[in-house]
Each structure stands twice: as C-alpha cells, then as structure tokens.
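See below for the structure under consideration.
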Amino acid sequence: MNYIFFFLIGISIIAGAVNNKLGDITSAIVSGCDIAVKIAFSLIGIMAFWLGIMRIAEKSGLITHISKLIYPLIKPLFSDIKKDSPAIGDITMSISANALGLTNAATPIGLKVMKELQEDNKEKDVATDSMCMFLGMNTAGFQLIPATVIAVLAGLGCNNPTKIIIPTLIVTTLAFITAIITAIILKKVWKIGGAE
Amino acid sequence: MFEKISLAILPVLILLILTFGIVKKVPVYEEFVEGAKDGFKVSISVIPYLVALIVAISMFRASGALDWLGSLFGFVLERFSIPTDIIPIMFTRSLSGSATLGLFSELAATNGANSFVTFLAAIMVGSSETTFYVLSVYFGSVGIKKFRYAILTGIIADITGIVLAILAAKLFFPASI
C-alpha cells in the first residue's frame, strides 16, 4: 500500500507538471478531502440503521441459524475462523447483500465482519487470511442483476437492456471464482511476516 | 419484474428480522439503538483512510496520467478491434463507483445505447466493484495497515473481469460491432 500511495501521488505530480496541470492537482487535493469526509458522513446514518437491524438479527439467534447452515460450505475458505464466531453468518449476509445489489446494506454488514475477524487477529495491523479472502470476494463484485447499468441503458433508449444480464452474470461469476482461487494460492505463498 | 423483486428485498428482509426478534422475545428497540451506536464510530474511523486514497486518486485523475495509460493501452486494444473509448472505464472501475457510472452514461449517450462499445462498457461496469475503495474502507475500519495479498487478489480479479467482459461482449453481441 505504501508503494501504491507513493506511485499514485508521484506519477500525478510528474504528469501534472508535464501536462501543465499542477493547478488542477492542487484543487483535486482540496476536493478529494472534501469528498472523503462527505462519504464518511453519508455513511453514518445508514451504518447506524443496518448495525441496529443486524444486532436484532444476532440477538434473536437468526445469524447463528444461518451460520450453521452455511458453515460447511465456507469453512474450507476461511480456515482461521472459529466455529462459534458470528463472522460466518455475517459473511453470508454480506455476500448475499452484494449479490442482490444492496450496496447500502452490504457495506455496514461487511464492516461488521471485519470487526469480528479482527477480534481473532493476533497482529492488529496485519490482515489475516480470512480478511484477504473476504475482501477478495468483495472486490470481485459478484452481483446477480446489474440494476443501475440496466436503468442507465433503458433511460438512454436501449431497445432491450436486460440482454446484458446473462453475459454480465457469467463475467461476474468467473471473476468471483478467480478471486477465490487467487486468494487460496496467494495464502500459501504469502505467509504472515513476509513482504507487505 | 426484476425491478419489483429488488425493490421488495430490503423491506421484506427488515420485516423478517424484526418479526424473528419479537418472536424470540428480543427487546428490539433497545437492541437496535445499541447496535446503531457503532455506526457513528465506524464511519468516523474510516475518514483518514478515505482521505489518503481519494486524494491520491483525485490527483491521479486531475494530472492527466490516466490519458498516458490510455494511449499505452490504445495500441493493444486496436489490434483486437476494441473501441478505445472503453479505456477510461477500464481504469476507473476499480477506483471510483460514481466516476465510473458518470463515464458510462456519457459513453452510452455519445455512442448510442445499442452500440457494441456501450454493451461492452455495460458488462464491465455491471461486473465490477470499486476494489480500492472497498479495501481502504474495510481495512480502515479496523485499523489494518498491512493489506498483504488482498490488493493483488483484487487486481487479478479486476483484470480477469476486464478480459472476460471483452470476450463476453464479442460472443454475445457480434452483430453490434
């Protein structure tokens, strides 16, 4: 991450100087900070709402029921999760929310998963294998119906926007599987204590 | 049809969770408030990570460096007769969701909603997730600074997604080229 951060900013300033856009870069810094805080603030309400709902689901035992059903399926992928951890049920809920395109619900549940995984983490600033697997699944963006894209196409007069559903589903499924396989392989070569 | 189902999912899910809670004699109001308290803490704790990432990405986009990358990839894409209009979306889709959607709407409006490049872009956008945003927010919320192989996993999945989107578009929409 250190190198990516340095690379992005370093290249930007060099490219900005060559393209005579250093003024644009300065205003991008200001507006970037602004956007970051706005995103965080806009998260507060929806985060509070879903964490509240999820707490009810947890206290009523609903999450435990889901965990027991799903446990055998995802156990091999998340080898360092304990059997009674609520993380398993929440991982299932998070991936389902993502698959259904419920971004507003997916982020709070996903962050709850991270908190639960962090509780079993020995080195608090280093990602665990389960975290890498979970985020790999998340960043692959598995989604059943790309609702927003269909809406844009329909709005612009596409005669049959739903025909992108099948090809998109194939691509997103394969990318999701690729992420899982990649995480399994990298887990073996990238032991804790190695390079960042 | 799909729209109706997806609109109904959230309200039905909320009703289910609440009903299950009441049946199991959970004090739903108290527990809701207790859980909601964390929302504030978590949202505020991601700010430093978001600032670092979004500023770096905003600078990168403002500098014109994206155009350099674009011209670099232009040669490769032209060889496979893929419209180079797709390039900005290829790079932005891992970085920013709102920017990607903006680029997509613009591309679909300029090229027509029934063109090959629009379908290609639709598949790319529909199958993507903003990798770098997810990584910084999720890791940031628990204070993880060493991401280990999470970045590489995300990037490999993204590249696979881009290549597969091109293949799928060629396979499903050959007539639109």
Side-chain angles (χ1 to χ4, degrees), chain A residues 1 5 8-9 11-12 15-16 19 21 24-25 28-29 32-33 35-36 40 43-44 47-48 51-53 55-57 59-60 62 100 111 114-115 118 125-127 132 135-136 138-141 145-147 149 152-153 156-158 164 167-168 171-172 174-175 178-179 182-183 186 190 196, chain B residues 2 6 9-10 14 17 20-21 24 26 28 31-32 34-36 38-40 42-43 46-47 50-51 54-56 58-60 62-65 105 108-109 113-114 122-123 125-129 131 134-135 138 141-142 144-150 153-154 156-157 160-161 164-165 168 172:
Chain A
M1 203 58 197
F5 188 64
L8 277 174
I9 292 184
I11 298 280
S12 304
N19 295 337
K21 280 186 172 170
D24 292 356
I25 289 185
I29 296 175
C33 294
I35 296 168
L43 269 177
I44 297 176
M47 281 289 297
L51 291 178
I53 292 288
R55 175 141 175 137
I56 299 173
K59 290 283 164 181
S60 64
L62 191 62
L100 298 169
L111 294 184
M114 293 302 285
K115 200 178 153 200
Q118 180 74 333
D125 61 339
V126 183
C132 292
L135 289 191
N138 242 297
T139 57
I145 311 288
V149 171
V152 173
L153 283 178
L156 289 166
C158 177
I164 68 148
T168 307
V171 173
T172 189
L174 291 175
T178 309
T182 311
L186 288 178
W190 211 308
E196 188 189 341
Chain B
F2 286 129
S6 53
I9 291 169
L10 276 189
I14 294 168
I17 292 176
F20 201 79
K24 293 275 173 177
V26 172
V28 288
E31 291 299 345
F32 178 89
E34 203 47 50
D38 277 343
F40 188 76
V42 175
S43 309
V46 299
I47 291 182
L50 273 180
V51 168
I54 292 180
V55 167
S58 305
M59 288 172 75
F60 195 70
S63 70
S105 313
N114 295 300
I123 298 173
V125 176
S127 63
S128 78
E129 178 62 74
T131 302
V134 169
L135 288 179
Y138 280 47
S141 71
V142 289
I144 298 269
K145 294 182 192 76
K146 297 203 164 78
F147 294 4
R148 291 175 67 218
Y149 54 87
T153 308
I156 290 178
T160 315
L164 288 171
F172 278 84

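Just so it is clear: chains get the letters A, B, ... in the order the sequence lines come, proteins before strands, and each one is counted from 1.
- By number of non-hydrogen pairs under 4.5 angstrom with chain B, the leading residue of A:Ile11, A:Asn138, A:Ile164 is A:Asn138.
- The most heavy-atom pairs under 4.5 Å with chain A, out of B:Val26, B:Thr131, B:Leu135, B:Ile156, come from B:Thr131.
- A:Thr172 OG1 to B:Glu129 CD: the interatomic distance, rounded to the nearest 0.5 Å, is 9.5 Å.
- The most heavy-atom pairs under 4.5 Å with chain B, out of A:Gly136, A:Gly52, A:Gly16, come from A:Gly52.
- Distance check: B:Phe32 CZ to A:Leu51 CG gives 9.0 Å after rounding to the nearest 0.5 Å.
- Summarising the geometry of A:Cys132 relative to B:Tyr149, their closest heavy-atom pair is CB-CE1, 3.3 Å, with the distance given to 0.1 Å.
- For a residue to count as touching a neighbouring chain, one of its non-hydrogen atoms must lie under 4.5 Å from one of that chain's; by this rule B:Ser43 touches chain A with backbone and side chain alike.
- The two residues A:Gly157 and B:Asn114 come nearest to each other via the heavy atoms O-ND2, 3.7 Å.
- Among B:Thr153, B:Ile144, B:Val134, the residue with the largest count of heavy-atom pairs under 4.5 Å with chain A is B:Ile144.
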Trace of the side chain to side chain contact (heavy atoms under 4.5 Å, CB included) decision for B:Met59 with A:Leu8: CA-CA 8 Å; B:Met59 288 172 75; A:Leu8 277 174; over 6 Å; no
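- Contact of A:Asn19 with chain B is made through the side chain alone, with heavy-atom distances under 4.5 Å.
- Considering all non-hydrogen atoms of both residues, B:Ser63 and A:Ser12 come closest at CB-O, 3.1 Å.
- The candidate with the highest count of non-hydrogen atom pairs below 4.5 Å against chain B, out of A:Ala48, A:Ala28, A:Pro146, is A:Ala48.
- If you measure heavy-atom distances from A:Thr139 to chain B, the contacts under 4.5 Å come from both the backbone and the side chain.
- The heavy-atom pair separating B:Ile54 from A:Ala36 by the smallest distance is CD1-CA, 3.9 Å.
- Comparing A:Ala183, A:Ala179, A:Gly32, A:Ser60 by heavy-atom pairs within less than 4.5 Å of chain B, the highest count is held by A:Ser60.
- Taking both residues in full, the closest heavy atoms of B:Ser127 and A:Val171 are given as OG-CG1, 3.6 Å, listed atom of the first, atom of the second, then distance.
- For B:Ser105, the side-chain contact (heavy atoms from CB on, under 4.5 Å) criterion is met by A:Val152, not counting sequence neighbours.
- A distance of 5.5 Å separates CD1 of A:Ile53 from CD1 of B:Ile14, quoted to the nearest 0.5 Å.
- In terms of non-hydrogen atom pairs under 4.5 Å with chain A, the most contact-rich of B:Gly154, B:Ala122, B:Ala168 is B:Ala122.
- If you tally non-hydrogen atom pairs under 4.5 Å between each of A:Leu186, A:Leu156, A:Ile25 and chain B, the highest count goes to A:Leu186.
- Considering all non-hydrogen atoms of both residues, B:Ile47 and A:Ala40 come closest at CG1-CB, 3.3 Å.
- Using a 4.0 Å cut-off between a side-chain N of Lys or Arg and a carboxylate O of Asp or Glu, B:Asp38 and A:Lys115 qualify as a salt bridge.
- Distance check: B:Phe20 CZ to A:Leu62 CG gives 5.0 Å after rounding to the nearest 0.5 Å.
- More than 12 heavy-atom neighbours from other residues, nucleotides or ligands sit within 6.0 angstrom of NZ on A:Lys21.
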